[in-house]
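What you see is a predicted model; the values in this text were computed from it and never measured. Excluded from the calculations below are hydrogen atoms, water molecules and symmetry mates; all remaining heavy atoms, backbone and side chain alike, are included. Residue numbers start at 1 and run along the sequence shown.
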Amino acid sequence: MYAVIVGEPGVGKSSLVQRVVQELALPVWGLVTCKGDTLEEEAGGFPVYLQHLRGYGQEGERKLVAYCNRKQLEVRKEAFDDVAPLLSQPVPAGHLVLLDELGVLERVSESFCAAVLGLLNRNQVGIIALKHKDAAFLNQVRGHQYCRCFHLSLENREEVFLQVLDFIQKELNGKLA
């Protein structure tokens with residue numbers, strides 16, 4: 001089962017995910033979305049990358065998947081398509097699946113969305129940070145049979161942290177039994 005952390009921008013979804021991962025002290029496998037450095041003020045933009053994770057802090061290749069600036073969003077479908085096969089690889093034993101952060105950029109790549117849903121169908125134990133948007137792909141993740149959503153706000157961060165930690169620990173214990 002997957003703990004899916006859903007919340008508005010800025011409530012701390014990624015911070016909560018990292019806190020849970022640190023508390024569990026397990027190797028992770030999956031993808032992290034990260035912003036690159038902001039470019040000069042005239043451009044006012046920043047790149048968005050997908051970083052493959054495996055093990056304890058072992059980071060694989062970063063793929064530039066989008067570039068955001070004040071005037072437009074340029075999403076690179078081919079980069080999402082290139083990353084999709086990573087999600088079809090076996091998850092190493094004892095690893096926690098981590099997908100941080102799924103949002104609306106991914107919808108440009110049917111193969112990426114299908115790979116995420118395929119990973120969810122494998123019923124691993126994992127944690128996902130999910131943008132709070134109404135989009136078909138995100139709704140499929142939220143409604144997936146192997147996902148349990150936890151709604152995060154500024155007011156309930158500690159409570160949700162404890163709930164997610166408890167949920168994942170129980171799932172891990174069930175997989176080991």
Side-chain angles (χ1 to χ4, degrees), residues 1-10 13-18 20-21 26-39 43-150:
M1 291 284 291
Y2 293 87
V4 179
I5 314 305
V6 181
E8 296 292 335
K13 294 181 297 293
S14 293
S15 296
L16 185 136
V17 166
Q18 289 305 316
V20 168
V21 167
L26 290 173
V28 295
W29 179 93
L31 296 172
V32 174
T33 304
C34 49
K35 285 182 11 179
D37 293 333
T38 302
L39 300 178
F46 57 87
V48 179
Y49 298 95
L50 274 181
Q51 177 83 50
H52 185 227
L53 302 174
R54 53 189 191 281
Y56 290 100
Q58 298 175 8
E59 298 177 349
E61 184 179 355
R62 277 188 352 164
K63 284 279 189 180
L64 177 64
V65 293
Y67 181 79
C68 302
N69 69 30
R70 289 187 201 125
K71 296 181 182 176
Q72 66 183 19
L73 172 66
E74 176 190 325
V75 182
R76 302 182 62 192
K77 177 189 178 306
E78 69 281 356
F80 280 107
D81 291 344
D82 288 347
V83 172
L86 292 173
L87 297 175
S88 299
Q89 296 175 356
V91 177
H95 282 60
L96 180 72
V97 175
L98 171 63
L99 298 175
D100 181 29
E101 152 160 354
L102 297 178
V104 295
L105 300 178
E106 294 83 351
R107 69 180 170 210
V108 301
S109 171
E110 289 180 27
S111 64
F112 183 86
C113 294
V116 169
L117 296 173
L119 177 62
L120 297 181
N121 285 333
R122 287 191 255 159
N123 193 18
Q124 303 283 326
V125 178
I127 188 167
I128 301 169
L130 195 73
K131 294 276 190 194
H132 185 66
K133 299 279 185 183
D134 184 21
F137 168 63
L138 299 179
N139 292 337
Q140 286 180 294
V141 172
R142 277 190 284 270
H144 195 279
Q145 66 178 341
Y146 294 130
C147 290
R148 178 172 169 204
C149 290
F150 296 85

Notebook entry, point to check: In Å, rounded to the nearest 0.5 Å, how long is the span from CG of L50 to CZ of F80?
Noted result: 5.0 Å

Next item on the list: Check L138 against G103 and note the closest heavy-atom contact, atom names and distance.
Entry: CD2-O, 3.5 Å

Item checked: Spacing of L130 atom CG and K13 atom NZ [to the nearest 0.5 Å] -> 8.5 Å

Next item on the list: Before giving the answer on side-chain contact (heavy atoms from CB on, under 4.5 Å), spell out for V116 and F137 the whole-Å C-alpha distance, their side-chain angles and the decisive distance to 0.1 Å.
Entry: CA-CA 10 Å; V116 169; F137 168 63; 3.8 Å; yes

Notebook entry, point to check: What are the two closest non-hydrogen atoms of S111 and D81, and how far apart are they?
Noted result: OG-OD1, 2.9 Å

Notebook entry, point to check: Does a side-chain heavy-atom distance below 4.5 Å link D134 with N139?
Noted result: yes

Next item on the list: Please tell me if the side chains of L119 and V91 come closer than 4.5 Å, counting only heavy atoms from C-beta onward.
Entry: yes

Notebook entry, point to check: Taking all atoms of both residues into account, what is the closest heavy-atom pair of R142 and C149, and its distance?
Noted result: O-SG, 3.6 Å

Check: Is there side-chain contact between M1 and N123, with at least one heavy-atom pair below 4.5 Å?
Finding: yes

Check: Looking only at heavy atoms, which two atoms of Q89 and R122 are closest? And how far apart?
Finding: O-NH1, 2.9 Å

Notebook entry, point to check: Between R107 and F112, is any pair of side-chain heavy atoms under 4.5 Å apart?
Noted result: no

Checklist line | Greater than 12 external heavy atoms within 6.0 Å of E110's CD | finding: no

Notebook entry, point to check: So which heavy atom on A129 is nearest to which on V17, and how close?
Noted result: CB-CG2, 4.0 Å

Item checked: Point-to-point distance, once rounded to the nearest 0.5 Å, from OH of Y2 to CD of Q145 -> 11.5 Å

Note to self: One pair to check against side-chain contact (heavy atoms from CB on, under 4.5 Å): L73 and L105. What are the steps and the verdict?
What the structure shows: CA-CA 9 Å; L73 172 66; L105 300 178; 3.4 Å; yes

Item checked: Gap separating the NE2 atom of H144 from the CG atom of N121, nearest 0.5 angstrom -> 3.5 Å

Check: Is any side-chain heavy atom of V125 less than 4.5 Å from a side-chain heavy atom of L96?
Finding: yes

Check: Once you round to the nearest 0.5 Å, how far does CG of L99 lie from CG of L87?
Finding: 6.5 Å

Next item on the list: Would you give the length of the straight line joining atom CG of L98 to atom CH2 of W29, rounded to the nearest 0.5 angstrom?
Entry: 10.5 Å

Check: Which pair of heavy atoms, one from L26 and one from G94, lies closest together, and at what distance?
Finding: CD2-O, 4.1 Å

Notebook entry, point to check: Do I5 and D100 have side-chain heavy atoms sitting under 4.5 Å apart?
Noted result: no

Check: So do the side chains of K131 and V104 get within less than 4.5 Å of each other, counting heavy atoms only?
Finding: no

